[in-house]
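Here's the structure, in structure tokens; my notes come after.
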Amino acid sequence: MIDNKLKSILLSVQKPARYTGGELGCVIKNKDEVDVRFAFCFPDTYEIGMSHLGLKVIYESLNNEKNIWCERCFAPWIDMHQKMKENNIPLYTLESKTPLRQMDIIGFTLQYEMSYTNILQMLDLSGIPFYSKDRDESYPLIIAGGPCTCNAEPVADFFDIMALGEGEYLDVQICNVYDKWKKEGKTKIELLKELSKLEGIYVPSFYDIEYNEDNTIKAVTPLHDAPLPCNKAIIREFGNLHFPTNIVVPNIDIVHNRAMVEVLRGCVRGCRFCQAGFIYRPFRERDVDLINEGAMDLCQNTGYEEISLTSLSTSDHPKLEELLDKMDSWTHEEKVNIALPSLRIDNFSESLIEKTTKVRKSGLTFAPEAGTQRLRDIINKNINQDEIDKTAKLAFEGGYTHVKLYFMMGLPGETMEDIKGIADTANHIMDIFYSMPNRPKGKPEISISVASFVPKPYTPFQFFGQNDMELIKKKQEYLLECCKSNKRIKVSYSNADMSFLEAVFARGDRRQAKVIETVYKKGGMFDGWYECFDYNLWVESFKENNIDMSFYASRFRCYDEINPWDHINYGVTKEFLIREYERSLKCITTKPCNIECNNCGANKILRRACFEYNKN
């Protein structure tokens with residue numbers, strides 16, 4: 001029995017509660033009374049996976065179906081991985097301790113390119129072959145979802161199908177098709193053909209990829225009547241879509257240990273670097289009464305004392321103030337704090353501060369993204385210095401002394417003057433603090449967090465070649481030099497090597513699967529963790545497979561080149577992305593799409609206009 005073996009090793013690993021299950025809110029069903037058993041696999045640690053809102057959404061939507069049982073599984077940390085290998089313990093689900101090999105469907109969520117080796121780790125611990133072509137009907141159906149599936153070609157050969165777009169309904173459809181197939185006793189190829197008829201289902205083996213001599217893609221040919229392009233799934237009526245109110249409450253502290261409600265989906269802003277802002281289009285907001293009542297139920301059911309109103313840009317909800325007023329009627333009395341983690345500089349207000357600090361102050365974070373107005377216009381951030389100054393003053397007047405600012409480095413059109421602008425922005429905000437006669441008590445501190453820009457598919461900057469690592473490191477050193485005179489400014493930045501590899505995979509193709517396999521077999525895993533990441537191992541493995549990393553990360557892509565993701569349709573057209581890239585070269589901004597339609601293509605996948613512009 002797995003349980004008996006587990007007991008013998010749990011006290012010898014870090015955080016054994018990662019592997020035990022039994023938390024408040026976990027769903028237990030009788031396995032003999034369900035038709036389909038689904039393992040939701042998160043290819044990272046328990047603390048990361050349990051913080052993910054998408055897991056909670058899919059877990060509840062599947063378990064609401066009487067014939068489906070969804071269970072959870074996370075990547076075991078290195079110490080537990082070794083113990084499982086030594087003791088011949090297969091990877092299992094937390095709810096029932098069932099080995100993954102015995103499940104019907106294994107669904108991985110792909111949130112981050114640097115977790116790809118962990119997919120192989122989890123399959124390996126389960127005794128399941130890595131490649132779809134090596135698995136017959138006796139193995140579980142291996143599927144993938146999440147944002148990275150918009151270009152998951154580097155791992156496409158590992159999966160039977162990929163669920164593109166929004167999965168609340170799609171995963172239930174997959175289970176129902178699987179149930180019917182299993183009862184009819186048909187072949188795997190027949191199952192894949194039936195699944196490929198669902199909107200949002202991409203079957204990688206149904207697309208033949210042909211390459212040119214220069215290693216670019218020559219053609220993508222669909223097989224077995226597979227759609228071309230393959231469209232993402234979308235929730236068209238999002239306003240009244242219910243969200244999880246009975247979630248699993250972890251037994252140990254996790255990264256985001258609080259209740260979360262997704263108040264809207266999509267974004268109107270059109271920041272040219274932001275993949276999420278494009279692949280989650282169109283913008284749709286939830287009804288405020290639904291949010292308020294559901295948030296109250298969620299806090300009562302879980303005991304959480306903080307609720308986060310999450311989205312790509314929460315302050316863009318057109319009725320946010322009304323929502324906060326409704327929530328104040330119970331959060332203040334119940335001592336529940338409201339957190340707004342994604343506020344825009346240009347619509348931050350005194351009212352938002354007052355309504356979200358009645359219980360206690362959460363951290364305050366803003367994202368200017370660039371240090372000069374010219375570069376903010378290039379990336380279409382659509383904020384100016386006056387708005388940054390006003391926001392800083394409001395924050396200080398509200399009693400904040402610590403502000404965190406997010407920037408990026410290596411953006412298209414960036415110069416060393418723009419890097420200096422990051423330091424200048426922070427110093428200017430510090431000057432605003434000291435110029436206020438009624439400033440709050442205490443010493444101010446400004447934290448600058450700088451990420452290396454990664455060109456991502458389905459953004460206007462997908463064509464741009466990433467800065468090489470030496471240039472990024474030179475810019476990082478220059479930023480530190482610009483900030484060293486002010487001890488109240490703290491600077492952190494991302495690992496340049498890791499960001500380079502992220503870009504390799506973000507714009508990668510199927511030939512990279514062999515590299516991922518090579519790295520895993522050499523011991524690579526948890527590459528998103530600095531203490532585990534071994535860049536030299538990746539360089540060595542790419543060379544062994546005769547693949548040039550810079551071909552994917554650093555090369556400018558011509559507009560007419562066939563990209564590895566061009567046969568997937570996430571709503572925004574390539575013509576629109578080209579248009580936006582051309583505007584960036586001229587430092588021309590584009591208005592938010594709730595003000596003016598920019599013909600991105602999202603209305604076609606929505607099958608109606610995204611906004612009623614005559615009412616704006």
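Quick note: numbers below take in every heavy atom, side chains included, and nothing from hydrogens, waters or symmetry partners. Positions are given from 1 along the sequence.
Relative to the ring axis of F551, R555 places its NZ or CZ within 45° and under 6.0 Å from the centre. Stacking of R18 on the aromatic ring of F74 is not recorded, the 6.0 Å distance cut-off and the 45° axial limit not both being met. Cation-pi geometry between R511 and Y211 is satisfied (NZ or CZ under 6.0 Å from the ring centre, within 45° of the ring normal).
Residues meeting the side chain to side chain donor-acceptor pair (under 3.5 Å) test with D179, sequence neighbours left out: K183. For E184, the side-chain contact (heavy atoms from CB on, under 4.5 Å) partners are K180, K186, not counting sequence neighbours. When the side chain to side chain donor-acceptor pair (under 3.5 Å) test is applied to N251, no partner is found at least two apart in sequence or on another chain. Legend: residues meeting ring pair (Phe, Tyr, Trp, His ring centres under 6.0 Å) with H242, ordered by chain and number and at least two apart, are absent. Partners of R507 according to the side-chain contact (heavy atoms from CB on, under 4.5 Å) rule, which considers only residues two or more places apart in sequence or in another chain, are P455, R557, W565. Residues that satisfy the ring pair (Phe, Tyr, Trp, His ring centres under 6.0 Å) test with F40, not counting sequence neighbours, are absent from this structure. Residues meeting the side chain to side chain donor-acceptor pair (under 3.5 Å) test with Q82, sequence neighbours left out: E86. Evaluation of the side chain to side chain donor-acceptor pair (under 3.5 Å) rule for D297 yields no partner, not counting sequence neighbours. Residues satisfying the side-chain contact (heavy atoms from CB on, under 4.5 Å) criterion with K29, sequence neighbours excluded, are V27, V34, N63, W69.
Checking each of V36, L195, D104 against L141 for a side chain to side chain contact (heavy atoms under 4.5 Å, CB included) leaves exactly one that passes, namely L195. None of F159, F505, F108 except one satisfies the ring-ring contact (aromatic ring centres under 6.0 Å, His included) rule with Y116; the exception is F505.
Between the CG atom in D136 and the OG1 atom in T187 there is a gap of 11.0 Å [rounded to 0.5 Å].
A side-chain donor-acceptor contact under 3.5 Å links K232 to the backbone of I279. Side-chain atoms of E71 do not come within 3.5 Å of backbone N or O of T93 as any donor-acceptor pair.
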> What do the steps show when you test Y112 against D44 for side chain to side chain donor-acceptor pair (under 3.5 Å), and what is the final call?
Replying inline: CA-CA 10 Å; Y112 181 36; D44 211 316; over 6 Å; no

>> If you apply the rule ring-ring contact (aromatic ring centres under 6.0 Å, His included), what do you find for W77 with Y46, and how did you get there?
In response: CA-CA 9 Å; W77 188 246; Y46 178 92; over 10 Å; no

> After noting the C-alpha distance and the side-chain angles of K473 and D497, does the key distance pass the salt bridge (charged side-chain N to carboxylate O under 4.0 Å, His left out) rule?
Replying inline: CA-CA 10 Å; K473 289 174 182 177; D497 297 346; 3.5 Å; yes

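The pair E23-R72 meets the salt-bridge criterion, since a charged nitrogen lies less than 4.0 angstrom from a carboxylate oxygen. Between R281 and E166 there is no salt bridge, since no side-chain nitrogen of the basic residue lies less than 4.0 Å from a carboxylate oxygen of the acidic one. The pair D534-K522 does not meet the salt-bridge criterion, since no charged nitrogen lies less than 4.0 angstrom from a carboxylate oxygen. Salt bridge E305/R258: absent, no basic N to carboxylate O contact under 4.0 Å.
Applying the 6.0 Å contact sphere to CG of D208 captures more than 12 heavy atoms from other residues, nucleotides or ligands.
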Counting only pairs under 3.5 Å, give me each side-chain donor-acceptor contact of residues 125-134, with atom names and distances, residues two or more places apart or in other chains.
residue	atom	partner	partner atom	Å
S126	OG	M122	O	2.7
Y131	OH	E517	OE1	2.7
S132	OG	D160	OD1	2.6

For residues 145-156, run the donor-acceptor check on the side chains, cut-off 3.5 Å, and write out each pair with its distance to 0.1 Å, sequence neighbours left out.
residue	atom	partner	partner atom	Å
T149	OG1	G146	O	2.6
T149	OG1	Y570	OH	3.2
N151	ND2	A506	O	2.9
N151	ND2	G508	O	3.2
E153	OE1	R510	NE	2.7
E153	OE2	Y202	OH	2.8

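Here ring pair (Phe, Tyr, Trp, His ring centres under 6.0 Å) pairs that include residues 170-192, with residues two or more places apart or in two chains, are Y178-W181.
Not less than 6.0 angstrom separates the ring centroid of F500 from the ring centroid of W538.
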